[in-house]
Each structure stands twice: as structure tokens, then as C-alpha cells.
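Notes for the one structure printed next.
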Amino acid sequence: MTCDPTDRPAGPDAVTCTGLVHAFGDTRAVDGLDLSVRQGEVFGLLGPNGAGKTTAIRCITTLLPVPAGQVRVFGHDPAVDRMAVRRLLGYVPQQLSADAGLTGRENVTLFARVFDVPRRERADRVAQALAAVNLTDAADRLAKTYSGGMVRRLELAQALVSAPRLLILDEPTIGLDPIARTGVWEHINAVRAATGMTVLVTTHYMDEADQYCDRVALMHRGRIRALGTPAELRRGLAERRRARGETAAGDPTLEDVFRDVAGSGLDDTSGDFRDVRSTRRTAQRLG
Ligand SMILES: Nc1ncnc2c1ncn2[C@@H]1O[C@H](COP(=O)(O)OP(=O)(O)OP(=O)(O)O)[C@@H](O)[C@H]1O
Ligand SMILES: [Mg+2]
């Protein structure tokens, strides 16, 4: 962590969602979501499979419409000015986004074109983005020859090439070994330190959230159920345990907080076959 989350910069929050609802048929994937991500922070959106994290992110990134409630990205309304929102953000989706049949450099160049990086600057910006994630030496190899960690770093370069003010990462480290996970976070933090970029990230790795996020929100059944710095959430659980007269071994971890908030809901209505299948597919492709 490099920034003090209480030290709020002037200007609008990077993201605000107010009463956001998005349903697929009868499934209210996002069900009245209220969320603010402050400029410059690393904000972790946590929650069990099927909690609605990816759906919320797809509303924020303009990939899904906002049928009810409000979303703002640096004050812009995606329903009114979709391109203004897209120009501000870089996005690493949960599903694989790199093309295995292109080289690393070609993949990043494609994103530079899509995100309107001026033609004159393109080659330099692509080279810088690849260098930022340590892929310069492998840049001209086909992505299908990359390891899972290299693919995730390539996707990070794709998202960074447009110099976004807001980087949104949906499970950026899934399926990676501990060293590769640390590597991805080091690259994110280096860019963040250099540019002041805001980061919104989802992860199922509670240790990562604890170590790298300024604030985290626990989402469950389409809504935020707990919000704070990792330390605040851990302290909060310790107090609840004391109040309940429970004696637990050791101080609570963020994983304990997660279980406390979501544990009662980890039943057959939370997550489904599609969630498991898509997570496995991603892990397999990367692994
Ligand atoms: N395209 C879709 N069509 C139908 N239902 C969907 C679709 N996308 C998501 N859902 C449903 O919406 C709910 C929330 O899914 P979402 O992918 O947002 O969860 P998540 O929190 O990202 O889960 P995970 O941690 O597994 O990635 C789930 O019940 C899921 O089955
Ligand atoms: Mg998801």
C-alpha cells in the first residue's frame, strides 16, 4: 500500500454506483449496489462465486447497460457518454482476452488502436507497456507460447497501453503460482506509483486483498455487505467475536471476515455451474 486512503484528492470519485441493479432473467446478479472507489486507491471487490462482481464491473466498463440505478466514472455517465468512460479505463476481464495466434506486441498494438492511442505514439507506447510488465524479450513470440503468468502480464500491458486513469482487473492472478502473482502486483504497483492510477480489482485470494488493497468491499448476493480497510474489517470481526463471547485462536484474517460475512450464504443459490465452469476454463487456459 502506498497511499493513505483517508487523504482524498479533489474531484469526483473514480467510480460511484448508486442503487445499481442488473438482472439476467429472474437472477438479480447486482441487486441495489452502492459503491464508491476513490481516486488513487486500490479497491478490492471480494465475494463468493456468483456474488455479482463481474456483472457490476461489466456495467462500470460500459459492456452491460445500467437498467436501474446510477453509475459514474470520474463523473461521466456511461449511458450518456460511453466513449468518455472507455477512454478513461483499462480492463483485464476475467475471461482470457489475449489472442493466442498473435505475438505479444501485436496483441498490445491491437488494443492501442482500439483505445485510440495516436498513430505516431503507438509503437513507443506499445514498447513501454511491454517493458512495464517485463515482456520486452518475449514481445515477438506468439502468445500461445507464453506461460499463464506471461499471458496475464500481457493482458496487463494491453490494459495499460492507453495510460488509463482507472485500471479494472477481474481476477488478474487466477491460476498463477505465488511468484507470478507477486509479479503481477509489483507491475500494477509500479505503474500506479508512477501515474497515480486508480485500481479496482476482484480476487478470491484474501492474502492478496489484505496486502495490496487500500480498501475492500465484500459483495454477496448482488450487494455490499462489508466495507473498509482490511485492518478495519479484521478488527470489526474481532470485536463481533468478543461481543458474541466466542474464543477463537489468534487474530482474525481477512478470510475469516469473508467467511463471517458470506459463510451463511455459501449454499446452492450462491454460484452455479456456469460460474464454476467459467472459472475453471480461465484457470485451464492460463495454467
Ligand atoms: N450472461 C449471463 N447470463 C445469465 N446469467 C448470468 C450471466 N452472467 C452472470 N450471470 C449470473 O449472475 C450471477 C452473478 O454472476 P457474476 O459473474 O457477476 O458473479 P461473480 O461475483 O463475478 O462470480 P465469480 O467469483 O465466480 O467470478 C450468477 O448467478 C450468474 O450465474
Ligand atoms: Mg466474476
Side-chain angles (χ1 to χ4, degrees), residues 15 17 19-35 37 42-69 71 78 89-98 148 151-152 155-156 159 166-176 181 184 199-210 212-213 215-227 233 254-255 257-287:
V15 179
C17 298
L20 175 63
V21 175
H22 193 98
F24 299 101
D26 291 339
T27 308
R28 284 166 79 94
V30 177
D31 193 10
L33 176 71
D34 294 318
L35 180 74
V37 179
V42 177
F43 189 96
L45 189 57
L46 315 178
N49 294 136
K53 304 179 298 294
T54 297
T55 307
I57 279 178
R58 296 183 72 210
C59 291
I60 296 165
T61 54
T62 78
L63 296 173
L64 284 176
V66 176
V71 172
L89 55 88
Y91 174 42
V92 177
Q94 185 168 1
Q95 300 291 347
L96 206 67
S97 60
V151 170
R152 236 25 190 160
E155 293 182 302
L156 198 53
L166 169 65
L167 179 65
I168 300 185
L169 307 153
D170 200 351
E171 300 194 32
T173 53
I174 190 167
L176 302 187
R181 280 167 57 191
V184 166
V199 179
L200 169 60
V201 61
T202 76
T203 180
H204 288 294
Y205 299 115
M206 295 300 118
D207 56 328
E208 272 183 9
D210 205 334
Y212 297 111
C213 293
R215 291 193 306 149
V216 296
L218 282 171
M219 189 169 178
H220 185 35
R221 294 188 175 151
R223 266 186 228 175
I224 301 303
R225 311 292 172 162
L227 172 75
L233 293 179
L254 201 53
E255 185 167 331
V257 177
F258 184 95
R259 285 179 192 283
D260 191 67
V261 172
S264 57
L266 292 176
D267 53 26
D268 53 1
T269 60
S270 160
D272 61 11
F273 175 70
R274 198 194 59 82
D275 301 320
V276 174
R277 195 185 48 192
S278 74
T279 305
R280 291 235 180 99
R281 198 165 47 224
T282 311
Q284 230 169 39
R285 286 231 207 86
L286 293 168

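FYI, side chains are in, hydrogens and waters are out, and symmetry mates aren't considered; it's all heavy atoms of this structure. Order of appearance sets the numbers: ligands from 1, and atoms from 1 within every ligand.
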Say whether H204 and ligand 1 are in contact under the criterion: heavy-atom distance to a ligand atom below 4.0 Å. yes

Can you sort out which atoms of ligand 1 are near T54, meaning under 4.0 Å from one of its heavy atoms? 17 (O), 18 (O), 20 (P), 22 (O), 27 (O)

Is it true that E171 lies under 4.0 Å from ligand 1, counting heavy atoms only? yes

Has ligand 1 got any nitrogen or oxygen that is less than 3.5 angstrom from a nitrogen or oxygen of F24? no

Within the side chain of K53, is there an N or O that forms a donor-acceptor pair under 3.5 Å with the backbone of G47? yes

Within-2.8 Å protein N/O/S contacts of the Mg ion (ligand 2): T54 OG1, Q94 OE1

Side chain, backbone, both or neither: which part of T27 comes within less than 4.0 Å of ligand 1 when only heavy atoms are counted? side chain

Using distance alone, determine whether A51 and ligand 1 share an N or O pair under 3.5 Å. yes

Side chain of R215, backbone of V37: donor and acceptor closer than 3.5 Å? no

Note: ligand 1 atoms sitting under 4.0 Å from heavy atoms of A29 are 12 (O), 13 (C), 14 (C)

In Å, rounded to the nearest 0.5 Å, how long is the span from CG of L46 to CG of L218? 5.0 Å

Under the 3.5 angstrom rule, does the side chain of R223 hit a backbone N or O of D31 as a donor-acceptor pair? yes

Using the salt bridge (charged side-chain N to carboxylate O under 4.0 Å, His left out) criterion, which residues pair with R225? Sequence neighbours excluded. none

Geometric N/O contact G52 with ligand 1, under 3.5 angstrom: yes

For the OG1 atom of T27 and the NE2 atom of H22, what is their distance to the nearest 0.5 Å? 10.5 Å

In Å and rounded to the nearest 0.5 Å, what is the OH to CG distance from Y91 to L89? 10.0 Å

How many angstroms lie between CD1 in I168 and CD1 in I57, if you round to the nearest 0.5 Å? 6.0 Å

Rounded to the nearest 0.5 Å, how far apart are CG of L33 and CD1 of I60? 7.0 Å

Using the side chain to side chain donor-acceptor pair (under 3.5 Å) definition, which of the options E208, R181, E171 pairs with T203? E208

Ligand 1 versus Q94: contacting region, heavy-atom distance under 4.0 Å: side chain

